[in-house]
Amino acid sequence: MLGKLFKDWKITLAAAMSLAVIASALARAIVQGGEAEHWLDAISKIAGSVVALMVFVVAATALLSNARSTSFEETLKRELDAFIKRHKPFILVLEEYTGVGDKNGATYGILEHHEDMLKKGETFSADLYTPFFSLPVAFTKGSQIIFYFDDDTFAAALKEKNIGSVANLRKDIANAVSSEFSDIVKAHAFSEISDRRMFINLNKHFDTPEEAHEIIHLLDYVFIHYLAIA
């Protein structure tokens, strides 16, 4: 943030010169005996310099405020809220974790039976949802986003489209994710039918607003694949 401020050399130079003028005016008034006319002259010079200093302070404050309001965490929270609203009532927050170990982050659910979304005016309770994905609290290198593919949700679709099994489906989507987002993640899924998870391993530490948007793009990507097959 300070780097951006100092790149605007005009503002920085004006602030530095203002400080020099203020220091010089005070020193001169003291050396000349501190008489009233000398202090008035110093105050006059200081008043003009304060304006430039205020410009510097306002610029610094604006940059600080902008940095706080566009952090990775705030951007991700805002975009996750928008993601849920955009796909309502398909997506719902099922559980949030603030602990340590494996129970970090939040688990989001998806409507188990898509026809339920036609229930206008009804309350969409958590029991209508099956886990869809879990997010970690810290998006550091090696952290995982986990997606869940429930056998019951895909049973009819797999039979109709002759895909084979949910395990094959998970592996196909994992390969697609790894190809589409190769610079930020590596996805994999196990062949065991009983393990319905797909793991998204982060290849780097995420800490910018732009990287928060990448996470949302990934969620949308998997969500579209999920709907296309289910």
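Annotation for Ala174 and Ala187: closest pair O-CB, 3.4 Å, computed over non-hydrogen atoms. Closest non-hydrogen pair, Phe72 versus Glu211, comes out as CE1-C, 4.0 Å. Nearest approach of Ile200 to Leu218, heavy atoms of both residues: CG2-CD1, 4.0 Å. Closest approach of Ile173 to Phe149, counting heavy atoms only: CD1-CE2, 3.7 Å. The nearest pair of heavy atoms linking Ile184 to Lys204 is CG2-CE, 3.6 Å. Pairing each heavy atom of Ala106 with each of Glu96, the nearest pair is CB-CG, 4.0 Å.
Between His217 atom NE2 and His213 atom NE2 the span is 12.5 Å, to the nearest 0.5 Å. With values rounded to the nearest 0.5 angstrom, Lys171 atom NZ is found 13.5 Å from Met198 atom CE. The OH atom of Tyr226 lies 9.5 Å from the CG atom of Leu169; values are rounded to the nearest 0.5 Å.
A 4.5 Å side-chain heavy-atom check between Pro131 and Leu94 finds at least one atom pair inside the cut-off. Between Phe139 and Leu76, the closest side-chain pair of non-hydrogen atoms falls below 4.5 Å. Side-chain contact between Arg197 and Ile146 is present, with heavy atoms from C-beta onward closer than 4.5 Å. For the pair Asn201/Val185, no side-chain contact is recorded, criterion being any heavy-atom separation below 4.5 Å from C-beta on. Side-chain contact check for Leu111 versus Ile91: every heavy-atom pair is 4.5 Å or farther apart. Side-chain contact between Pro209 and Arg78 is absent, with no heavy atoms from C-beta onward closer than 4.5 Å. Between Glu73 and Asp207 the shortest side-chain heavy-atom distance does not fall below 4.5 Å. Residues Thr130 and Ile110 are in side-chain contact: their nearest non-hydrogen atoms beyond the backbone lie under 4.5 Å apart.
Between Phe132 and Phe147, the ring planes are perpendicular. Angles over 60° get that label, and only those under 30° would be called parallel.
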Does the pair Asn203 and Lys186 meet the rule for a side chain to side chain contact (heavy atoms under 4.5 Å, CB included), with working shown?
CA-CA 7 Å; Asn203 290 340; Lys186 174 66 176 177; 4.0 Å; yes
For side chain to side chain contact (heavy atoms under 4.5 Å, CB included), just list the numbers for Leu80 and Leu135, CA-CA rounded to whole Å, side-chain angles, deciding distance to a tenth of an Å, and then say yes or no.
CA-CA 11 Å; Leu80 276 172; Leu135 297 180; 3.8 Å; yes
Apply ring-ring contact (aromatic ring centres under 6.0 Å, His included) to Tyr108 and Phe133, showing your working.
CA-CA 5 Å; Tyr108 296 76; Phe133 64 89; 4.7 Å; yes
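With Ser143 contributing its side chain and Ala138 its backbone, the two residues share a donor-acceptor pair below 3.5 Å. Using a distance-only test at 3.5 Å, with no hydrogens or angles considered, no donor-acceptor pair links the side chain of Glu79 to the main chain of Thr75. Between the side chain of Ser179 and the backbone N or O of Asn175 there is no donor-acceptor pair closer than 3.5 Å.
In terms of the side-chain hydrogen bond (donor to acceptor under 3.5 Å, both in side chains) criterion, residue partners of Asp220 (sequence neighbours excluded) are, by chain and number, Arg86, His87.
No side-chain donor from either of Thr107 and Tyr148 sits under 3.5 Å from a side-chain acceptor of the other.
Taking the six-membered ring for Trp and the full ring otherwise, Phe181 and Tyr221 have centroids separated by under 6.0 Å.
Residues Asp81 and Lys77 are paired through a salt bridge, judged by an N-O separation under 4.0 Å between the basic side chain and the carboxylate.
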